[in-house]
Amino acid sequence: MILPRVDIDFNKIAHNVRQLKVLYGSKGIKIIGVTKVIGGDPIIANILVQNGIEILADSRIKNILKMRKAGIRAQFMLLRTPALSQVEDVVNHTHISLNSELIVLQELSKCALNNHVVHKVILMVELGDLREGIMPSEMNTIVKEVLNLKGISLIGIGTNLACFGGINPDADKMNKLSSMTTRLEEKFKITLIMVSGGNSANYNWFQASKDVGRINNLRLGESIFLGREALCRIPIPGLFTDIFTLVAEVIESKRKPSKPYGEVSQNANGQIPEFADNGLMDRAVLAIGMQDIIVSGITPKQNIRVLGASSDHVVVDNTKANLNVGDTVEFDLNYGALLRALHSPYISKNTINFHECTSIL
Ligand SMILES: *Cc1c(COP(=O)(O)O)cnc(C)c1O
C-alpha cells in the first residue's frame, strides 16, 4: 500500500455506531451520523446506515451528492445553514436543512414549491456559543412566518454549542431548548418532532441527566469516528478510539545536532523557532507534511517526539525509537488532523476488516 496512508478499521466504525445508538437510545435520543470528517465517503457512510443510522448529515452539498450518487439509502441533512446562492441545490439534493435566516427560508419555500417537493427544516436557536442560531427573543416571529411558508415543513428546533465559543451544552442550555419546544408547540398548536440538542459535546450532559427533557436527537461525528466526547476529548467507555491510524515512512535517519546552527530567520511557517541545545541526537525525517496533516494533531504510537514540520516533511526525535530509512511510524489523529488527512489526495486509504461488515453498494 502506498505511503503515507491512513488505516481505517471498518469493524470498529460499525461497533462505535451500534454502541452509541444503544447508549443514546436508552434515554430516547436518536443519533444522526455526521459525515463531514470523512468527506462523505460512501463506503464509510454505508457502514453507518447498515448499523442503524437513518439520517446522514454533512455541511457540504458536494459530500451529500457523493453519497446520494453512490446510492446510500438514508435521509440527508445539510448541517451548515444554507447560503442564499445554494437554495436550489439544498432543495434538490437534501431532505432536511438547519436554518437561522428568514430570507433563506423564504427562498427555500419558493424553490420547493417550484419543484413540487416539501423540504424539511429545523430552526437553529442561539444559546450562547455564537455561531449559527436565531436569538430566542426572535423565535416567535420567525416560527410564525415559517408556518405560513408553503413547500417547507417545520419539523423541529435545534442548537449547536461547543463549536465557536466553547460553551458547554449543560443542563441549563438543554432545559432552555426543551422548554422553548413546549412553549412553541403550545403557542402555535404544532408538533415539533425533532429536538436536536447538539453534537459529540453533549455526552457529559447526557450521562448526568436522568431526564433529557424534550431532546430526542443529537448529531454525532467525533464520537462515532474517534470514540470521544468533544468537551475534554475523554474516551467514551466501550468505544474504539483507534479507528484511524496514520502511517508514514522514514526517509532520513541521522545523528545531528539538536539545535539548528547559523543565522536565524523565519522557517517555512513564518515563525522563528527555538530549540534547546542538547548536543548530538538521533533524528529522523518522515515523508509527510503540513499538506497532509495538522502536525499538532498527531500523536506517535512509538516512542518518538515530533520536533516540527514543513509542507512535505516531519522531523522527529529518534533517540529512543531507533528508526531506520524505510521503517514506518504510526500516529493517532485528532479531529482536525483526521479531517485534513482524509481530504489529502496524497494519503492513501487502507481499509481493514472491509468484507466482514459491508455489502457491496
Ligand atoms: C460538525 C457538526 C456536528 C457534529 O459535531 P461532532 O462534534 O463531530 O459530533 C453537529 N452539528 C453541526 C451543526 C455541525 O456543524
Side-chain angles (χ1 to χ4, degrees), residues 13 16-17 19-21 23-24 29-41 44-45 48 53 55-64 75-83 86 90 94 96-101 104 120-134 155-169 173-174 177 194-207 215-236 239 241 243-244 294 297 333-343:
I13 299 177
N16 279 9
V17 172
Q19 291 283 110
L20 285 165
K21 221 179 113 83
L23 173 73
Y24 283 108
I29 292 183
K30 277 200 173 192
I31 61 174
I32 288 177
V34 172
T35 52
K36 66 193 180 204
V37 73
I38 54 159
D41 182 296
I44 300 177
L48 305 192
I53 299 288
I55 303 177
L56 294 172
D58 204 296
S59 35
R60 312 273 170 158
I61 291 181
K62 207 168 173 180
N63 290 346
I64 289 177
Q75 294 247 323
F76 289 93
M77 169 187 275
L78 185 65
L79 283 176
R80 189 168 65 187
T81 38
Q86 269 187 321
V90 176
T94 79
I96 313 167
S97 59
L98 307 181
N99 286 273
S100 64
E101 287 288 356
V104 172
K120 295 179 212 157
V121 299
I122 303 277
L123 293 181
M124 294 300 274
V125 185
E126 177 60 67
L127 288 179
D129 200 56
L130 298 184
R131 203 178 69 183
E132 74 277 35
I134 300 161
I155 63 162
I157 64 173
T159 196
N160 195 64
L161 293 154
C163 272
F164 178 80
I167 298 300
N168 287 3
K173 303 291 183 192
M174 292 301 106
L177 193 65
M194 190 185 284
V195 185
S196 193
N199 51 46
S200 296
N202 284 56
Y203 175 78
N204 293 346
W205 158 77
F206 174 82
Q207 286 294 63
I215 314 301
N216 63 8
N217 180 278
L218 290 174
R219 312 170 302 271
L220 302 183
E222 183 156 355
S223 298
I224 295 176
F225 295 114
L226 292 177
R228 294 170 190 270
E229 54 78 36
L231 283 184
C232 306
R233 263 75 203 191
I234 311 272
I236 296 176
L239 298 194
T241 56
I243 290 174
F244 300 92
I294 293 174
L333 301 134
N334 73 7
Y335 192 84
L338 181 62
L339 189 66
R340 175 92 53 99
L342 293 182
H343 287 80

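Every number for a ligand or one of its atoms is a count from 1 in the order of the listing. Just so you know, these numbers come straight off a predicted model, no measurement behind them. Just the heavy atoms: all of them, side chains too, but no hydrogens, waters or symmetry mates, feed the values below.
Of the residues N199, I29, V34, the one that meets the side-chain contact (heavy atoms from CB on, under 4.5 Å) test with L218 is I29.
Counting heavy atoms closer than 4.0 Å to ligand 1, residue R80 contributes nothing at all. Residue R131 touches ligand 1 through its side chain alone, judged by heavy-atom distances below 4.0 Å.
Within ligand 1, the atoms closer than 4.0 Å to a non-hydrogen atom of E222 are 6 (P), 8 (O), 9 (O), numbered from 1 in the order shown. Within ligand 1, the atoms closer than 4.0 Å to a non-hydrogen atom of G221 are 6 (P), 8 (O), 9 (O), numbered from 1 in the order shown. Below 4.0 Å from some heavy atom of S200 lie the following atoms of ligand 1, by number and element: 6 (P), 7 (O), 9 (O). The ligand atoms of ligand 1 that sit less than 4.0 angstrom from a heavy atom of L220 are 9 (O). Listed by atom number, the atoms of ligand 1 under 4.0 Å from K36 heavy atoms are 1 (C), 2 (C), 3 (C), 14 (C), 15 (O).
Considering backbone and side-chain N/O atoms, E132 never comes within less than 3.5 Å of an N/O atom of ligand 1. For a threshold of 3.5 Å applied to N or O pairs, the pair formed by S223 and ligand 1 contains no separation below that value. Between L79 and ligand 1, no pair of N/O atoms sits closer than 3.5 Å. For ligand 1, none of its N or O atoms has an N or O atom of N199 under 3.5 Å away.
The closest protein non-hydrogen atom to atom 12 (C) of ligand 1 is N160 OD1, 3.5 Å. Among all protein heavy atoms, the one lying closest to atom 11 (N) of ligand 1 is R219 NE, 2.9 Å.
Aromatic ring pairs are classed by plane angle as parallel below 30°, tilted from 30° to 60° and perpendicular above 60°; the pair Y24 and Y203 is perpendicular.
Side chain of S223 to main chain of R228: a donor-acceptor pair is present (N/O by atom type, distance under 3.5 Å, no hydrogens or angles).
When all heavy atoms of R131 and E126 are compared, the closest pair comes out as O-OE1, 3.5 Å. When all heavy atoms of H343 and K36 are compared, the closest pair comes out as CE1-O, 3.5 Å. Minimum heavy-atom separation, G227 to T241: O-CG2, 3.8 Å. For the pair G33 and I53, the tightest heavy-atom approach, listed with the atom from each and the gap, is N-CG2, 3.6 Å.
With a 4.5 Å cut-off on side-chain heavy atoms, N160 and R219 count as touching. Counting heavy atoms from C-beta on, the side chains of T35 and F76 never come closer than 4.5 Å.
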